[in-house]
2 protein chains.
Amino acid sequence: MSETENGNSTLRGNKLFGALDEGELERLRPHLEVVALELKQVLYEADKPIEYVYFPIDSVSSVIATMEDGQAVEVGTIGNEGMTGLPVFLGAKTAPLTSFCQIPGKAIRMASESLRAEVVPGSRLHELLQRHTEATFVFAAQSSACNRLHSVEQRAARWLLHTHDRVDGGEFALTQEFLSQMLGVRRASVSAAAGALQGEGLIAYSRGNVRVLDRAGLEARTCECYRVIRREFDRMIGD
Amino acid sequence: MSETENGNSTLRGNKLFGALDEGELERLRPHLEVVALELKQVLYEADKPIEYVYFPIDSVSSVIATMEDGQAVEVGTIGNEGMTGLPVFLGAKTAPLTSFCQIPGKAIRMASESLRAEVVPGSRLHELLQRHTEATFVFAAQSSACNRLHSVEQRAARWLLHTHDRVDGGEFALTQEFLSQMLGVRRASVSAAAGALQGEGLIAYSRGNVRVLDRAGLEARTCECYRVIRREFDRMIGD
DNA sequence: CCCCTTCCGTACGGTGACGTACATAGAAAT
DNA sequence: ATTTCTATGTACGTCACCGTACGGAAGGGG
């Protein structure tokens, strides 16, 4: 990646860096590198060392819990509001769960040791990462309840909204097969849910591409869990 | 609570304090108070300030996500291996979720400001709480997947095992009604699941009291999620 | 151009859990 | 002892989602 892409305006594409003052950003800059993440690129595998943390710019990453029989369910997503590799921030050397890139794009990469050495208690980024840790926990907690109580269609709408919040243009690559794995349901169930949402003109999709047509309509169709999580993430940077 | 109950042997009943050296424990002691928590005593309410954090000794607390219609699902439990009020550790002043006491007993209480002032980066307790934060996240994440993929009976068995790990004597108060709320299912579903487990001689219960008769048998009946979570919590103190 | 792969629609029987409701039995209260 | 309350057993119809399977349609590569 060339040095020109390492400019402040690019770095500030991640909201955490966007909230830093010039001095702190300059201080960290030597430790940062903008990289491109490819679809389904694995960032961490369970129980393996975490070499880098990533601050997404226009990419989105997923954290998934994998069962012994291979079944997997998404338990968290990280976009330009956060950082992947939170366990490093919490002092761990290995990842507890698997992570991979869900929407390809750019991200800011930082070595785990640099994060530990440079992002010291008292710094603004340290404080932001603490808030981000809490927001990520709330995401997992609310999703847990949501998985228990709400329908496939509501959860699918929620997933689409979370992703829509993090990409430009309101359109992104997504197959029903992929979404079914994220939600932990059959593809056929996603087909039914997506068909219903499309039938109401809320989304349009074809051959692995989705476009959100009516955000407000989608929000009306999903459960309150979207609002709860969204509010928590907004609060993270806001105050 | 009398001063005699504030002795080191009592304090070390919480594993976090049990892992501290004498010096650090002495330093913190003036800020600690042993209190009794009653069944269903509310510790935190969503969006309200957190005044104290609690380090359970022989009590167990639950964190629950509550929906607008009043439905609630447990998203985390904390026993003598941890601390309630993690958001304080992460810099928040208000609780994102509701917490209450699930198994009555003793806990060490500490004012939120004391935690912030005394548990400084670099201290042993600070490091332990970082690990605990990660373990709590893994708990929520694995539960999320578990809620999606596993049966009521498996989840009920997991809940019983988690609680059994944290109480003395292998017996504790628990009604089917209460467990059904924790799991987010009908009481009738719990009745069926519990009846099956009792029929196989794994547990015995009667009028709000449960006794675990066959731990190994229960572990064989639950899903892998129990082992994953248990391992994460063991690792927290171990290394 | 045709093949082949990917992606999506749909169907069918099966089932676990749902909402609801009622009955019983032990414990507590009077 | 009788009543009252709480905890548990159980039943019935309903439904969302499951596992599986097959066919069609859209694109990509040869």
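Values reported hereafter were calculated over all heavy atoms of this structure, with side chains retained and with hydrogens, waters and symmetry mates removed. Proteins come first, then strands; the chains are lettered A, B, ... in the order of their sequence lines, and each starts at number 1.
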message: With a 3.5 Å cut-off and heavy atoms only, can you find an N or O donor on one side and an acceptor on the other between the side chain of A/R207 and the base of D/dG27?
response: no

- request: For B/A188, report the nucleic acid contact type (base, sugar-phosphate, nothing); a contact means any heavy atom under 4.0 Å.
  value: base

message: Counting only heavy atoms and a strict 4.0 angstrom limit, can you tell me which residues of residues 141-159 of chain B come near DNA chain C?
response: B/S151, B/V152

- request: For atom CD of B/E171, decide whether the heavy atoms of other residues, nucleotides or ligands shown that lie under 6.0 angstrom number more than 12.
  value: yes

task: Counting heavy atoms from C-beta on, name the nucleotide in C/dA17, C/dT6, D/dA21 closest to the side chain of A/R187.
output: D/dA21

message: D/dG9, OP1 or OP2 - any side-chain N/O from B/Y205 closer than 4.0 Å?
response: yes

- request: Compare the minimum distances between each of C/dG19, C/dC8, D/dG19 and the side chain of A/R186, then state the nucleotide with the smallest one.
  value: D/dG19

query: What is the distance, rounded to the nearest whole Å, between atom CD of B/Q71 and atom P of C/dA17?
result: 16 Å

- prompt: Does the side chain of A/Q71 pick up a donor-acceptor pair with the side chain of A/Q181 at under 3.5 Å?
  reply: no

Distance, rounded to the nearest Å, where B/L183 contributes CG and C/dG16 contributes C1': 15 Å

- prompt: What's the CD-P distance between A/Q198 and C/dC7, to the nearest Å?
  reply: 16 Å

query: Could you state the CD-P distance from B/Q181 to D/dT8, rounded to the nearest angstrom?
result: 12 Å

Ionic contact status for B/E81 with B/K15, cut-off 4.0 Å: no

message: Taking the cut-offs as 6.0 angstrom to the six-membered ring centre and 45 degrees off its axis, would you call B/R109 and B/Y52 a cation-pi pair?
response: yes

- prompt: On the ring face of A/F233, is A/R166 found with NZ or CZ under 6.0 Å from the centre and within 45° of the axis?
  reply: yes

query: Centroid-to-centroid, B/F172 to B/H164, below 6.0 Å?
result: no

- line: Ranking D/dG9, C/dG19, D/dC18 by distance to the side chain of A/S189, first place goes to D/dC18

message: Quick check on C/dT6: is either OP1 or OP2 less than 4.0 Å from any side-chain nitrogen or oxygen of A/Q176?
response: no

task: Round to a whole Å and report the spacing from CG of A/N209 to C1' of D/dG28.
output: 16 Å

- request: Starting from P on D/dT8, measure out to CD1 on B/I203 and report it in whole angstrom.
  value: 10 Å

query: Can you find a side-chain donor-acceptor pair between B/Y226 and B/D165 that sits under 3.5 Å?
result: yes

query: Can you tell me how far P of C/dA21 sits from CD of B/E177, to the nearest Å?
result: 15 Å

- prompt: Do any side-chain nitrogens or oxygens of A/S191 fall under 4.0 Å of OP1 or OP2 in C/dG9?
  reply: yes

statement: Of the candidates D/dT20, C/dC8, D/dG9, the side chain of A/T175 sits closest to C/dC8

